[in-house]
Undergrad: 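Have a look at this one.
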Amino acid sequence: MTTTETPDTLRRILDHSSRADPYPLYAELRRTPVALQEDGSYVISTYRELTGILHDPRLSSDVRNLSRPMAAVEGRATPSFINLDPPEHDRLRRLAMRHFGPPHTPGLVAGLEPDLAAVVGGLIDGFADQERIDVVDDFAYPFPVTVICRLLGVPREDEPRFHVWVNAIIESIDYDPGTDPPDKLDNGVQATKDLREYLGGLLEGRHGRPGDDLLTRLANDDGPDGRMTDEEIISTANLLLIAGHETTVNLIANGVLTLLRHPEVLNRLRGEPDLVVPLVEELLRYEPPVHIIPWRAAYSDITVGDTVIPKGSQIMLMLASGSRDPDRFEDPDRFRPDRRDNQHLGFGSGIHLCFGGPLARLETQIALTELVRRLERPGLVVDPPPYRPSPVLRGPLHLYVEQG
């Protein structure tokens with residue numbers, strides 16, 4: 001069924017006042033699985049329809065396939081592979097994956113476990129005796145930032161510089177020219193230029209030199225697909241730097257918040273550390289770090305359910321809504337770490353399934369296990385906590401916790 005009866009629901013979801021609990025609004029949205037909006041775009045909110053279209057080759061990630069021009073920060077520069085379609089997407093993703101995971105470097109993520117545990121332990125040592133901590137600033141943010149900087153070969157001491165740029169880019173992802181000030185987009189465009197120039201400067205010194213970091217490997221790799229151009233390396237590094245920590249910050253912070261709201265699960269995790277593996281999968285379903293893919297394009301006419309989405313239409317994918325769909329998940333609004341057949345949409349699906357998912361999983365498993373083990377009788381100071389502005393990458397801005 002297609003209707004235009006949901007614009008108000010979507011507006012409320014995007015409004016910051018709903019950030020603490022958008023899930024009842026997602027339930028409203030699911031009454032119309034494919035909803036035509038007043039601007040001609042389509043919103044898809046149910047699991048069956050989302051999984052179907054995410055695997056449909058007629059769904060494009062390239063902004064150039066939209067019939068109506070869109071103000072896209074990424075569109076102003078060489079796109080990263082997340083904003084490309086096959087065959088270019090496949091080529092660039094293969095080139096990046098050669099140095100990040102299977103089949104060429106299958107032990108990379110698993111081999112990081114001792115280093116990840118050491119970083120986590122050091123951070124907890126730093127605040128173990130404090131009565132109050134901010135889980136975001138003291139733990140969930142510095143941990144994945146440290147890890148992705150090491151992997152990419154980005155100096156950790158440069159974090160204050162790129163943190164400002166990343167924030168501006170994230171805030172511009174869901175830019176709406178009808179409601180947002182132009183500065184929001186302008187700041188995102190300028191931040192993208194600044195970050196790319198910074199990464200380009202780092203890349204200049206990597207050609208022809210040995211090194212284990214990803215920037216150096218990409219700069220010197222002559223695999224079966226050839227070598228990335230410098231612009232392609234910069235775009236890939238830009239994507240991995242941002243996605244490599246922003247989503248994991250949310251996942252860890254949402255995980256701590258969820259455990260503190262479910263003390264019986266927290267206590268169980270203390271006694272059953274192996275529970276953390278299915279627990280993180282349930283967390284990806286229940287409180288995912290990415291709620292919305294704000295736009296995709298119809299490469300040609302696409303039939304979703306009984307709705308024909310015309311070629312060139314903008315499509316918004318409500319991933320977090322699909323992962324709470326009662327037609328797919330039993331008792332979906334309940335946090336159940338033992339849930340079976342948990343094929344959530346927390347990392348998306350299809351050819352754009354999250355590139356760094358295995359690393360984010362391991363980081364979160366280690367972070368939650370160690371934090372639960374070492375914090376003494378933790379409790380929330382404010383619930384709900386303040387949330388970040390973005391409805392796309394949803395997570396607490398701060399998460400204050402008291403010990404004892």
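What you see below is based on every heavy atom in this structure, not just the backbone, and it leaves out hydrogens, waters and symmetry mates.
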Undergrad: Considering residues at least two apart in sequence or located in another chain, which fulfil the salt bridge (Lys or Arg N to Asp or Glu O under 4.0 Å) criterion with Glu272?
TA: Arg268

Undergrad: Is the shortest heavy-atom distance from the side chain of Glu131 to the side chain of Glu402 under 4.5 Å?
TA: no

Undergrad: Can you list the residues that meet the salt bridge (Lys or Arg N to Asp or Glu O under 4.0 Å) rule with Arg150, with sequence neighbours excluded?
TA: none

Undergrad: What I want to check is whether the side chains of Arg156 and Thr146 have a donor and an acceptor closer together than 3.5 Å.
TA: yes

Undergrad: Could you tell me whether Arg328 and Asp341 make a salt bridge, using a distance below 4.0 angstrom between a side-chain N and a carboxylate O?
TA: yes

Undergrad: With sequence neighbours left out, what residues match Asp85 under side-chain contact (heavy atoms from CB on, under 4.5 Å)?
TA: Ser60, Ser61, Asp62, Asn65

Undergrad: Decide yes or no for Ile170 and Ile173: does some side-chain heavy atom of the first lie under 4.5 Å from some side-chain heavy atom of the second?
TA: yes

Undergrad: Any heavy-atom pair between the side chains of Pro155 and Leu202 that's under 4.5 Å?
TA: yes

Undergrad: Can you name the residues that form a ring pair (Phe, Tyr, Trp, His ring centres under 6.0 Å) with Phe347, not counting sequence neighbours?
TA: none

Undergrad: Got a second to check how far Asp137's CG is from His398's NE2, nearest 0.5 Å?
TA: 5.5 Å

Undergrad: Donor-acceptor check, side chain of Gln365 to backbone of Val277, threshold 3.5 angstrom: yes or no?
TA: no

Undergrad: Can you measure from CG (Asp325) to OH (Tyr47) and round to the nearest 0.5 angstrom?
TA: 9.5 Å

Undergrad: Any donor-acceptor pair under 3.5 Å linking the side chain of Ser235 with the backbone of Thr78?
TA: yes

Undergrad: For the residue pair Phe139 and Phe127, does the interplanar ring angle fall in the parallel (under 30°), tilted (30 to 60°) or perpendicular (over 60°) class?
TA: perpendicular

Undergrad: Hey, is the main chain of Leu393 close enough, under 3.5 Å, to the side chain of Ser390 for a donor-acceptor pair?
TA: yes

Undergrad: Where do Leu359 and Phe100 land on the side chain to side chain contact (heavy atoms under 4.5 Å, CB included) test, with the steps shown first?
TA: CA-CA 10 Å; Leu359 176 59; Phe100 198 78; 4.1 Å; yes

Undergrad: Could you list the residues that satisfy salt bridge (Lys or Arg N to Asp or Glu O under 4.0 Å) with Asp183, not counting sequence neighbours?
TA: none

Undergrad: In terms of heavy-atom contacts, does CD of Glu157 have more than 12 from other residues, nucleotides or ligands at under 6.0 Å?
TA: yes

Undergrad: Would you mind reporting whether Val120 and Leu116 have side-chain heavy atoms less than 4.5 Å apart?
TA: no

Undergrad: So, taking the atom named NE2 in His344 and the one named OG in Ser349, what distance separates them when rounded to the nearest 0.5 Å?
TA: 10.5 Å

Undergrad: Checking Asp222 now: which residues fulfil side-chain hydrogen bond (donor to acceptor under 3.5 Å, both in side chains) with it, not counting sequence neighbours?
TA: Arg227

Undergrad: Please determine whether a side-chain nitrogen of the Lys or Arg among Asp221 and Arg98 lies less than 4.0 Å from a carboxylate oxygen of the Asp or Glu.
TA: yes

Undergrad: Measuring from Glu232:CD to Leu95:CG, what's the distance to the nearest 0.5 Å?
TA: 8.0 Å

Undergrad: One thing to verify: whether Arg394 and Glu287 come together as a salt bridge, which I'm taking to mean a side-chain N less than 4.0 angstrom from a carboxylate O.
TA: yes

Undergrad: Of all residues at least two apart in sequence or in a different chain, which pass the side-chain contact (heavy atoms from CB on, under 4.5 Å) check with Thr248?
TA: Pro144, Ile252, Ala360, Glu363, Thr364

Undergrad: Are Asp8 and Arg12 ion-paired here, with the side-chain N under 4.0 Å from a carboxylate O?
TA: yes

Undergrad: If we ignore hydrogens and angles and just use 3.5 Å, is the side chain of Arg30 paired with the main-chain N or O of Ser321 as donor and acceptor?
TA: yes

Undergrad: With Asp56, which residues qualify under salt bridge (Lys or Arg N to Asp or Glu O under 4.0 Å), at least two apart?
TA: Arg58

Undergrad: For the pair Arg296 (side chain) and Met316 (backbone), establish whether a donor and an acceptor sit closer than 3.5 Å, ignoring hydrogens and angles.
TA: no

Undergrad: Taking the six-membered ring of Phe329 as reference, does the cationic atom of Arg285 (NZ for Lys, CZ for Arg) lie under 6.0 Å from its centre and within 45° of its axis?
TA: yes

Undergrad: With sequence neighbours left out, what residues match Tyr26 under ring pair (Phe, Tyr, Trp, His ring centres under 6.0 Å)?
TA: Tyr23, His291

Undergrad: If only atom types and distance count, is the side chain of Thr216 paired as donor or acceptor with the main-chain N or O of Gly211 below 3.5 Å?
TA: no

Undergrad: Hey, does the side chain of Glu171 reach the backbone of Gly188 with a donor-acceptor pair shorter than 3.5 angstrom?
TA: no

Undergrad: If you count the non-hydrogen atoms of other residues, nucleotides and ligands that lie under 6.0 Å from CD in Glu113, is the total more than 12?
TA: no

Undergrad: Backbone N or O of Ile234 within a donor-acceptor pair of the Asn238 side chain at under 3.5 Å?
TA: no

Undergrad: In chain order, what residues pass the side-chain contact (heavy atoms from CB on, under 4.5 Å) check against Asp39, with sequence neighbours excluded?
TA: Gln37, Ser41, Arg68

Undergrad: Drop me the distance from Ile169's CD1 to Gln190's CD, to the nearest 0.5 angstrom.
TA: 10.5 Å

Undergrad: Show the numbers, then the answer: is there a side chain to side chain contact (heavy atoms under 4.5 Å, CB included) between Val166 and His163?
TA: CA-CA 5 Å; Val166 170; His163 181 60; 5.6 Å; no

Undergrad: Side chains of Glu88 and Arg91: does their closest heavy-atom pair fall under 4.5 Å?
TA: yes

Undergrad: Is the shortest heavy-atom distance from the side chain of Met228 to the side chain of Thr236 under 4.5 Å?
TA: yes

Undergrad: Could you grab the distance from atom CG of Leu203 to atom CD of Glu231, nearest 0.5 Å is fine?
TA: 9.5 Å

Undergrad: Restricting to side-chain hydrogen bond (donor to acceptor under 3.5 Å, both in side chains), what partner residues turn up for Asn267, sequence neighbours left out?
TA: Arg270

Undergrad: Give a yes or no on this: more than 12 heavy atoms of other residues, nucleotides or ligands lie within 6.0 Å of atom CG of Asp129.
TA: no

Undergrad: Passes side chain to side chain contact (heavy atoms under 4.5 Å, CB included), Tyr42 versus Val304? Steps please.
TA: CA-CA 11 Å; Tyr42 290 79; Val304 183; over 6 Å; no

Undergrad: Applying side chain to side chain contact (heavy atoms under 4.5 Å, CB included), run through Glu159 and Val154 and close with a yes or a no.
TA: CA-CA 9 Å; Glu159 183 274 334; Val154 173; over 6 Å; no

Undergrad: Evaluate the side-chain proximity of Trp295 to Leu66: yes if any heavy-atom separation is below 4.5 Å, no if none is.
TA: yes

Undergrad: Please determine which of Asp213, Asp212, Asp230 meets the salt bridge (charged side-chain N to carboxylate O under 4.0 Å, His left out) test together with Arg206.
TA: Asp213

Undergrad: Not counting sequence neighbours, list each pair that qualifies as a ring-ring contact (aromatic ring centres under 6.0 Å, His included) and has a residue in residues 225-265.
TA: Tyr141-His245, His262-Phe335

Undergrad: Tell me whether Asp90 contacts the main-chain N or O of Pro86 through its side chain, where contact means a donor paired with an acceptor under 3.5 Å.
TA: no

Undergrad: Answer yes or no: are there more than 12 heavy-atom neighbours, outside Lys184 itself, under 6.0 Å from its atom NZ?
TA: yes

Undergrad: Are any of the side-chain heavy atoms of Leu399 and Val136 separated by less than 4.5 Å?
TA: yes

Undergrad: Count the heavy atoms of every other residue, nucleotide or ligand shown that sit under 6.0 Å from CD of Glu330, and state whether that count exceeds 12.
TA: no

